[in-house]
2 protein chains.
Amino acid sequence: MNIAKNCVSRLSSYKNALTKLKNLGFTRVFSDNLADLISVTSSQVRKDFSLFGISGNRKGGYNIEELFNQINHILGKDIVHNIIIVGAGYIGKALMKYKTFEKEGIKIRAVFDSDPAKINRESSIPILPVKELKEFIQAQRIKIGIITVPENSAQLVLDQMIDAGIQGVLNFAPINLKEYPGIIINNVNIELELENVIYYTQTMENNKK
Amino acid sequence: MNIAKNCVSRLSSYKNALTKLKNLGFTRVFSDNLADLISVTSSQVRKDFSLFGISGNRKGGYNIEELFNQINHILGKDIVHNIIIVGAGYIGKALMKYKTFEKEGIKIRAVFDSDPAKINRESSIPILPVKELKEFIQAQRIKIGIITVPENSAQLVLDQMIDAGIQGVLNFAPINLKEYPGIIINNVNIELELENVIYYTQTMENNKK
DNA sequence: GATTTATTGTGAAAAAAATCACATAATAAA
DNA sequence: TTTATTATGTGATTTTTTTCACAATAAATC
Ligand SMILES: NC(=O)c1ccc[n+]([C@@H]2O[C@H](COP(=O)([O-])OP(=O)(O)OC[C@H]3O[C@@H](n4cnc5c(N)ncnc54)[C@H](O)[C@@H]3O)[C@@H](O)[C@H]2O)c1
Ligand SMILES: NC(=O)c1ccc[n+]([C@@H]2O[C@H](COP(=O)([O-])OP(=O)(O)OC[C@H]3O[C@@H](n4cnc5c(N)ncnc54)[C@H](O)[C@@H]3O)[C@@H](O)[C@H]2O)c1
């Protein structure tokens with residue numbers, strides 16, 4: 001069964017919506033409600049669940065607690081994930097300081113940088129020299145890494161990560177990294193997303209005229 | 001003609017690839033080369049161009065300079081875009097300090113925050129009280145805004161932006177903002193992207209077994 | 001206990017996106 | 001000048017994704 005990326009993203013969104021419903025004290029939810037909460041159709045919700053073998057009660061909707069646990073299990077959120085970041089710049093620091101990751105079972109174990117001035121072994125999340133990257137990844141059995149170095153260092157950093165055994169990467173550098181078999185690379189390209197907004201904003205303006 | 005979001009994203013990627021080719025001194029490029037550079041097929045490249053009415057020379061490929069200008073025009077990158085950011089936290093600061101935006105014709109005119117301690121009118125990009133948001137947007141005719149406030153303030157900030165006349169928004173808060181007619185909202189959900197990596201990494205591991 | 005009502009679950013249908021494949025045209029070679 | 005070669009441009013086809021539509025069924029009402 002090959003699941004489309006969109007579908008996995010929607011699972012994350014359902015999970016998010018369920019967290020909110022849970023906090024509000026709800027116990028049951030219908031495909032309609034979830035659909036509204038994440039702006040999709042209710043058949044999309046049911047189709048997604050059906051793909052992952054998730055089922056509810058006809059007439060009764062879905063038990064939030066149960067649904068939440070099932071989705072979390074599918075997304076692998078029932079275990080803590082240890083990750084590392086390479087690049088202790090602005091984005092790297094933002095990620096490091098983001099409290100929600102910890103709550104969501106995402107634990108940043110270390111940040112690496114090539115600039116000696118950035119090293120700080122005493123920090124609650126240590127900032128280490130990138131030379132120690134491989135050793136750390138292997139010793140701590142880290143599987144997932146985030147790249148927040150400038151564009152021209154990103155491929156080098158990826159190669160080092162893969163060499164050390166990393167299997168999944170989230171990359172913030174605006175560059176098309178080389179693909180490796182069996183390795184997941186997902187890109188966050190902020191400038192591209194902003195250019196999308198610019199494009200549609202001007203398109204919409206032109207349509208009005 | 002309604003253009004899919006993926007298609008616009010690819011345009012941005014082509015533009016990026018073309019910048020690099022230009023810097024390397026190339027003057028012509030084939031659909032095959034561009035395809036390799038952004039990991040798509042060559043017919044995808046030609047289909048995309050055909051959608052936007054971009055054409056090259058049979059046998060001769062595309063003139064890089066010309067192609068670059070055409071794509072930039074479509075993306076609206078032949079004019080400078082003035083934008084504002086609301087939320088001078090970690091992500092807001094990262095965006096503020098990102099030099100590439102300026103080079104790409106994206107000019108951050110001000111950042112707004114509700115925390116008095118963050119205000120700094122002397123900074124090269126001023127950090128202003130969010131109370132001044134509407135006045136600034138209207139006086140400066142700002143059309144595009146970025147939301148980098150916490151989740152629970154994001155809808156409020158969006159409402160204020162729309163009220164002031166903003167037409168396109170890039171939102172970093174992990175929340176499904178209410179849709180407004182004629183307003184473009186594009187979301188960057190970093191945690192969701194990381195969860196995607198986690199999902200596919202574990203799926204790939206399971207497949208190996 | 002029968003009947004009505006509401007919601008799921010899922011094949012079938014429709015829509016959207018990507019790929020194929022080849023006629024067409026520009027260039028290079030003979 | 002003719003022929004061979006090599007890319008483009010796009011209609012047709014395939015694949016993927018989403019939506020439709022309704023039978024199945026659980027709960028509520030009568
Ligand atoms: N800041 C933004 O808003 C923004 C926007 C769009 C894209 N990006 C992209 O995100 C990435 C990070 O951006 P940033 O603003 O945080 O950059 P930054 O310059 O603030 O930080 C980069 C860090 O990487 C470190 N580094 C450089 N080479 C390294 C190497 N080989 N090994 C280890 N560390 C190395 C540097 O010392 C620095 O600390 C960049 O690729 C950038 O293009 C950032
Ligand atoms: N930092 C990360 O790595 C990260 C990761 C995933 C998602 N996000 C999301 O991005 C957004 C920004 O994250 P951050 O880490 O930069 O947050 P942050 O807490 O560092 O900064 C938020 C800023 O917004 C300001 N603010 C709050 N309410 C406001 C209001 N009503 N008007 C104006 N300003 C207001 C605060 O004073 C603060 O300066 C959040 O929604 C967060 O969930 C961040």
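Here the structure is a predicted model, which is why all the values come from computation and not from measurement. Worth knowing before you read on, the calculation uses all heavy atoms, side chains too, and leaves out hydrogens, waters and symmetry mates. Letters A, B, ... are given to chains in the order of the sequence lines, protein chains preceding strands, and every chain is numbered from 1.
Rounded to a whole Å, the CZ atom of Arg46(B) is 13 Å from the C1' atom of dG11(D). dT19(D) atom C1' lies 14 Å from atom CG of Leu51(A), rounded to whole Å. Taking atom NZ of residue Lys47(B) and atom C1' of nucleotide dG9(D), one finds them 9 Å apart after rounding to whole Å.
At dT17(D), none of the side-chain N or O atoms of Gln44(A) fall inside 4.0 Å of OP1 or OP2 (strictly under the cut-off). Considering only side-chain N and O atoms, Asn6(A) lies under 4.0 angstrom from the phosphate OP1 or OP2 of dT18(D).
Partners of Phe68(A) by ring pair (Phe, Tyr, Trp, His ring centres under 6.0 Å), not counting sequence neighbours: none found. Every residue was checked against the salt bridge (charged side-chain N to carboxylate O under 4.0 Å, His left out) condition with Asp36(B), not counting sequence neighbours, and none meets it. Remark: Lys77(B) pairs with Glu195(A) by the side chain to side chain donor-acceptor pair (under 3.5 Å) rule, at least two apart or across chains. Not counting sequence neighbours, the partners of Glu193(A) by the salt bridge (charged side-chain N to carboxylate O under 4.0 Å, His left out) test are Lys5(B). Partners of Ser9(B) according to the side chain to side chain donor-acceptor pair (under 3.5 Å) rule, which considers only residues two or more places apart in sequence or in another chain, are Asn196(A).
Residue pairs meeting the ring pair (Phe, Tyr, Trp, His ring centres under 6.0 Å) criterion with at least one partner in residues 134-185 of chain A, sequence neighbours excluded, are Phe112(A)-Phe136(A). Residue pairs satisfying the salt bridge (Lys or Arg N to Asp or Glu O under 4.0 Å) criterion with at least one member in residues 43-72 of chain B, sequence neighbours excluded, are listed as follows: Arg10(B)-Asp48(B), Lys22(B)-Glu65(B).
Other residues, nucleotides and ligands place no more than 12 heavy atoms under 6.0 Å from the NZ atom of Lys97(A). Taking a 6.0 Å sphere around CZ of Phe101(B), one finds it holds more than 12 heavy atoms contributed by other residues, nucleotides or ligands. For Glu135(B), the CD atom is loosely surrounded, since the number of other residues' heavy atoms within 6.0 Å does not exceed 12.
Remark: Arg10(A) in residues 7-23 of chain A come within less than 4.0 Å of DNA chain D through at least one heavy atom. Near-neighbour residues of DNA chain D inside residues 61-68 of chain B, defined by a heavy atom below 4.0 Å, number-ordered: Gly61(B), Tyr62(B). A heavy-atom distance below 4.0 Å to DNA chain D is reached by these residues of residues 29-39 of chain B, ordered by number: Phe30(B), Ser31(B).
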* Where do Asp78(B) and Asn72(B) land on the side chain to side chain donor-acceptor pair (under 3.5 Å) test, with the steps shown first? -> CA-CA 6 Å; Asp78(B) 45 4; Asn72(B) 275 345; over 6 Å; no

* To do: Take Phe49(B) and Tyr14(B), measure what ring-ring contact (aromatic ring centres under 6.0 Å, His included) needs, and give me the verdict at the end.
  => CA-CA 10 Å; Phe49(B) 289 175; Tyr14(B) 298 138; 5.2 Å; yes

Distances under 3.5 Å between protein N/O atoms and the N/O atoms of nucleotides 25-30 of chain D, please, pair by pair.
| unit_1 | atom_1 | unit_2 | atom_2 | d |
| --- | --- | --- | --- | --- |
| dA26(D) | O4' | Arg58(A) | O | 3.3 |

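Using a 4.0 Å heavy-atom distance criterion, Ser42(B) is classed as making no nucleic acid contact. The residue Ser43(A) sits close to a base: some heavy atom pair falls under 4.0 Å.
In this structure, the side chains of Asn82(A) and Val80(A) come closer than 4.5 Å at one or more pairs of heavy atoms. Counting only heavy atoms from C-beta outward, the side chains of Asn187(A) and Leu170(A) never approach each other to under 4.5 Å.
Under the 4.0 Å criterion applied to side-chain N and carboxylate O atoms, Lys103(B) and Glu191(A) are not assigned as salt-bridge partners.
For the side chain to side chain contact (heavy atoms under 4.5 Å, CB included) test with Ile147(B), the passing option among Val157(B), Ile91(B), Val188(B) is Val157(B); the others fail.
The outermost nucleotides of DNA chain C lying under 4.0 Å from heavy atoms of chain B, listed 5' to 3', are dA17(C) to dT27(C).
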